[in-house]
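Structure record follows, encoded as structure tokens.
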Amino acid sequence: MRTFPLQDGRLVLKILAATGICVLLAITLWPFNPWPRNEVSWLHDEDGLRLFGHGTILSVAQFPNEAGAENEPFSLEFWMVPWRDEGSTVMFAFYVRENPGQFVVRQDGLDVSVSHTTRQREEKNHHPLVAGQVIAPNKRTLVTVTAGPKETTLYVNGQAQSTSQSFGLSRRNLTGEFVIGTSPVENEAWCGILHGIAIYKNELTAQEVASHYKTWLASREEGRIDKRSILALYLFRERSGTLVRNEIQPGVDLRIPKHYTIRRRNVLLPPWKEFRTEWTYVRRLILNVVGFIPMGLILYPYFLVALGSKRPWLMSYVTGTVLSLIIEILQSFLPMRGSGWTDVITNSAGTALGASMCYSSVAQDILKKLFAEKASERKL
């Protein structure tokens with residue numbers, strides 16, 4: 001094994017540390033594009049919009065918060081074809097700045113869920129209403145949410161799948177900006193095809209839900225539905241352009257922005273808000289730890305030999321933490337990236353683990369052989 005004179009060894013370690021940091025920044029931030037293309041396109045052979053990769057659709061104006069809306073029922077139904085069967089993605093959300101999670105419809109793997117938060121003095125999360133194992137990729141699906149004073153019910157293809165008598169939804173939850181295809185506050189892009197969305201002023205009965213499913217399945221002819229009971233109806237019949245017209249006029253239209261858009265990016269989200277009970281979340285934690293181990297392996301000898309630090313492990317850990325924090329802050333400007341403290345914690349743990357590996361007798365022998373000066377004499 002070649003032995004470097006101490007001066008040359010220091011230069012090698014400086015170059016190695018700088019290269020490692022540049023490679024890490026490139027991997028975590030590439031492509032550094034704050035304005036990615038919005039991956040939404042019209043279907044050419046039928047009515048509908050295709051969302052693939054990272055796509056979002058936004059309402060042109062806000063749905064108004066009318067007086068007494070907190071006591072009014074509603075129903076939401078959408079005719080779609082999901083593509084993925086894993087991960088947690090957001091299909092629909094109504095966004096207001098003071099309560100970004102006031103109404104969210106998700107696809108979690110093969111499940112569909114409805115969740116909302118109530119903001120009084122602090123944000124209160126309600127347990128989501130979940131319909132399990134109801135999604136079939138590449139197959140048309142009608143999802144209906146009905147909410148009234150007594151209960152909230154989630155239907156899939158005309159059949160009731162889940163009901164709650166304490167969910168607390170009302171038409172007030174359907175106020176603000178209508179966001180389709182991702183979360184208003186983080187990158188949770190949904191992939192699939194939308195054929196129609198209808199929002200009703202009333203709570204549909206089980207018989208009406210089943211009848212609507214047959215209507216959508218047959219022809220989607222809105223003439224069979226009493227438009228006086230509808231707040232918004234989008235049938236995606238334009239097939240070109242950036243505007244989706246609300247069939248109920250006057251009403252709120254939808255627009256397809258040029259760039260993939262997150263309405264309000266989360267910056268350094270707390271770990272308890274990022275937590276997910278799914279394998280993709282666990283896999284991300286593991287990758288974050290493993291991905292920063294090489295950084296610890298590089299930083300420890302750099303601080304020990306190149307800088308002569310008496311605390312190389314501590315300096316490596318602090319550097320890895322600061323570097324991770326910088327990356328997370330920069331990622332908050334990138335719509336296709338997330339920004340949270342969970343990554344800072346796991347990346348720091350990976351750096352610490354890599355630096356700890358340098359304590360082994362094998363690592364110490366390698367340092368002795370590589371450098372003329374005995375690096376092990378100054379180890380922490």
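More than 12 heavy atoms of other residues, nucleotides or ligands sit less than 6.0 Å from atom CD of Gln249. For CZ of Phe32, the number of neighbouring non-hydrogen atoms (other residues, nucleotides, ligands) closer than 6.0 Å is greater than 12. Within 6.0 Å of atom CZ in Arg265, more than 12 heavy atoms from other residues, nucleotides or ligands are found, so the atom counts as buried in its surroundings.
In this structure, Asp45 and Arg239 approach most closely via the heavy-atom pair C-NH1, 3.9 Å. Here the shortest heavy-atom pairing between Gly338 and Glu328 reads O-OE1, 3.5 Å. In plain terms, the two heavy atoms of Ala131 and Gln161 that are nearest each other are CB-CB, 3.5 Å. Here the closest heavy-atom approach between residue Leu243 and residue Asp253 is recorded as CD1-CB, 3.9 Å. Closest approach of Asn246 to Leu233, counting heavy atoms only: OD1-N, 2.9 Å. Contact record, Leu194 with Phe236: O-CD1, 3.8 Å, taken as the closest heavy-atom pair.
A single hydrophobic cluster is seen to contain both Phe78 and Leu169, as judged by linkage of ILVMFWY side chains at heavy-atom distances under 4.5 Å, directly or through other members. Hydrophobic cluster membership differs between Phe63 and Val179, with clusters built from Ile, Leu, Val, Met, Phe, Trp and Tyr side chains linked at under 4.5 angstrom. Under the 4.5 Å side-chain heavy-atom criterion for grouping Ile, Leu, Val, Met, Phe, Trp and Tyr, Val40 is connected to Tyr234 within one hydrophobic cluster. Under the 4.5 Å side-chain contact rule for hydrophobic residues, Met357 and Tyr359 do not share a cluster. By the criterion of side-chain heavy atoms lying less than 4.5 angstrom apart, applied directly or through intervening Ile, Leu, Val, Met, Phe, Trp or Tyr residues, Val252 is grouped together with Phe74 in one hydrophobic cluster.
In summary, Arg84 and Glu86 do not engage in a salt bridge, as defined by a charged side-chain N under 4.0 Å from a carboxylate O. Comment: Lys201 does not engage Glu66 in a salt bridge, judged by the lack of any side-chain N to carboxylate O separation of less than 4.0 angstrom. Using a 4.0 Å cut-off between charged nitrogen and carboxylate oxygen, Glu247 and Arg237 count as a salt-bridge pair. Between Asp111 and Arg106, no side-chain nitrogen of the basic residue sits less than 4.0 Å from a carboxylate oxygen of the acidic one, so the salt-bridge criterion is not met.
Counting heavy atoms from C-beta outward, Ile197 and Leu76 have side chains that approach closer than 4.5 Å. In this structure the side chain of Thr319 reaches within 4.5 angstrom of the side chain of Phe303, judged on heavy atoms. Contact check for Val90 versus Val105: no side-chain heavy atoms found under the 4.5 Å cut-off. Under the 4.5 Å side-chain criterion, counting only non-hydrogen atoms from C-beta, Thr182 is not in contact with Trp190. Counting only heavy atoms from C-beta outward, the side chains of Glu186 and Arg337 never approach each other to under 4.5 Å. Side-chain atoms of Phe103 and Asn99, non-hydrogen and from C-beta on, never get closer than 4.5 Å to each other. Looking at Ser229 and Tyr200, their side chains come closer than 4.5 Å, going by heavy atoms from C-beta outward. Side-chain contact check for Leu254 versus Ile180: some heavy-atom pair is nearer than 4.5 Å.
Of the residues listed (Tyr300, Tyr317, Trp313), the one engaging Ser356 in a side chain to side chain donor-acceptor pair (under 3.5 Å) is Trp313, and it is the only one.
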Expected list for residues 142-160: side-chain donor-acceptor pairs under 3.5 angstrom, two or more places apart:
unit_1: Thr153; atom_1: OG1; unit_2: Thr163; atom_2: OG1; d: 3.4
unit_1: Asn157; atom_1: OD1; unit_2: Leu142; atom_2: N; d: 2.9

Counting only pairs under 3.5 Å, give me each side-chain donor-acceptor contact of residues 18-28, with atom names and distances, residues two or more places apart or in other chains.
unit_1: Thr19; atom_1: OG1; unit_2: Ile15; atom_2: O; d: 2.7
unit_1: Thr28; atom_1: OG1; unit_2: Leu24; atom_2: O; d: 2.9
unit_1: Thr28; atom_1: OG1; unit_2: Leu25; atom_2: O; d: 3.3

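No side-chain donor-acceptor contact under 3.5 Å links Ser59 to the backbone of Gln62. Side-chain atoms of Ser324 do not come within 3.5 Å of backbone N or O of Thr321 as any donor-acceptor pair. The main-chain N or O of Gly109 is found under 3.5 Å from a side-chain atom of Gln107 such that the two form a donor-acceptor pair. Without hydrogens or angle criteria, Asn65 side chain to Arg172 main chain gives no donor-acceptor distance under 3.5 Å. Checking side-chain atoms of Ser75 against main-chain N and O of Asn202 turns up a donor-acceptor pair under 3.5 Å. In this structure a side-chain-to-backbone donor-acceptor pair under 3.5 Å is present from Gln102 to Thr175.
One distance of note links CG of Asn173 with OG1 of Thr117; it measures 8.5 Å at 0.5 Å rounding. Rounded to the nearest 0.5 angstrom, Leu269 CG and Ser332 OG are separated by 12.0 Å. In this structure, CG in Leu217 is found 4.5 Å from OH in Tyr213, a value given to the nearest 0.5 Å. Atom NZ of Lys273 is separated from atom OG1 of Thr342 by 12.5 Å, given to the nearest 0.5 angstrom. With rounding to the nearest 0.5 angstrom, the CD1 atom of Ile57 is 4.5 Å from the CG atom of Leu51. Atom CE in Met295 sits 10.0 Å away from atom OG in Ser316 (nearest 0.5 Å).
Remark: the Trp216 side chain and the Glu77 side chain contain an N/O donor-acceptor pair separated by less than 3.5 Å.
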Test side chain to side chain contact (heavy atoms under 4.5 Å, CB included) on Leu334 and Leu29 and set out the steps. CA-CA 8 Å; Leu334 306 177; Leu29 299 176; 4.2 Å; yes
Between Cys358 and Leu297, does a side chain to side chain contact (heavy atoms under 4.5 Å, CB included) hold up when you go through it step by step? CA-CA 7 Å; Cys358 293; Leu297 292 170; 4.1 Å; yes
Quick one: do Ser339 and Asn266 satisfy side chain to side chain donor-acceptor pair (under 3.5 Å)? Show the steps, please. CA-CA 6 Å; Ser339 175; Asn266 281 321; over 6 Å; no
For salt bridge (Lys or Arg N to Asp or Glu O under 4.0 Å), just list the numbers for Lys214 and Glu208, CA-CA rounded to whole Å, side-chain angles, deciding distance to a tenth of an Å, and then say yes or no. CA-CA 10 Å; Lys214 293 179 181 179; Glu208 288 174 322; over 6 Å; no
Side chain to side chain contact (heavy atoms under 4.5 Å, CB included), that's the test. Do Glu72 and Glu70 meet it? Break it down for me. CA-CA 6 Å; Glu72 294 295 327; Glu70 64 275 8; over 6 Å; no
Intermediate values then yes/no, side chain to side chain donor-acceptor pair (under 3.5 Å), Glu238 and Trp42: CA-CA 8 Å; Glu238 291 76 9; Trp42 292 97; over 6 Å; no
Would Gln331 and Leu268 count as a side chain to side chain contact (heavy atoms under 4.5 Å, CB included) if you check the C-alpha gap in whole Å, the side-chain angles of each, and the deciding distance to 0.1 Å? CA-CA 10 Å; Gln331 285 183 342; Leu268 295 174; over 6 Å; no
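Below 30°, between 30° and 60°, or above 60°: for Phe92 and Phe178 the angle between ring planes is below 30°, a parallel geometry. In this pair, Tyr260 and His54 present their aromatic rings perpendicular. The plane angle is above 60°, beyond the 30 to 60° band.
Side-chain rings of His127 and Phe167 stay apart, their centers remaining 6.0 Å or farther from each other.
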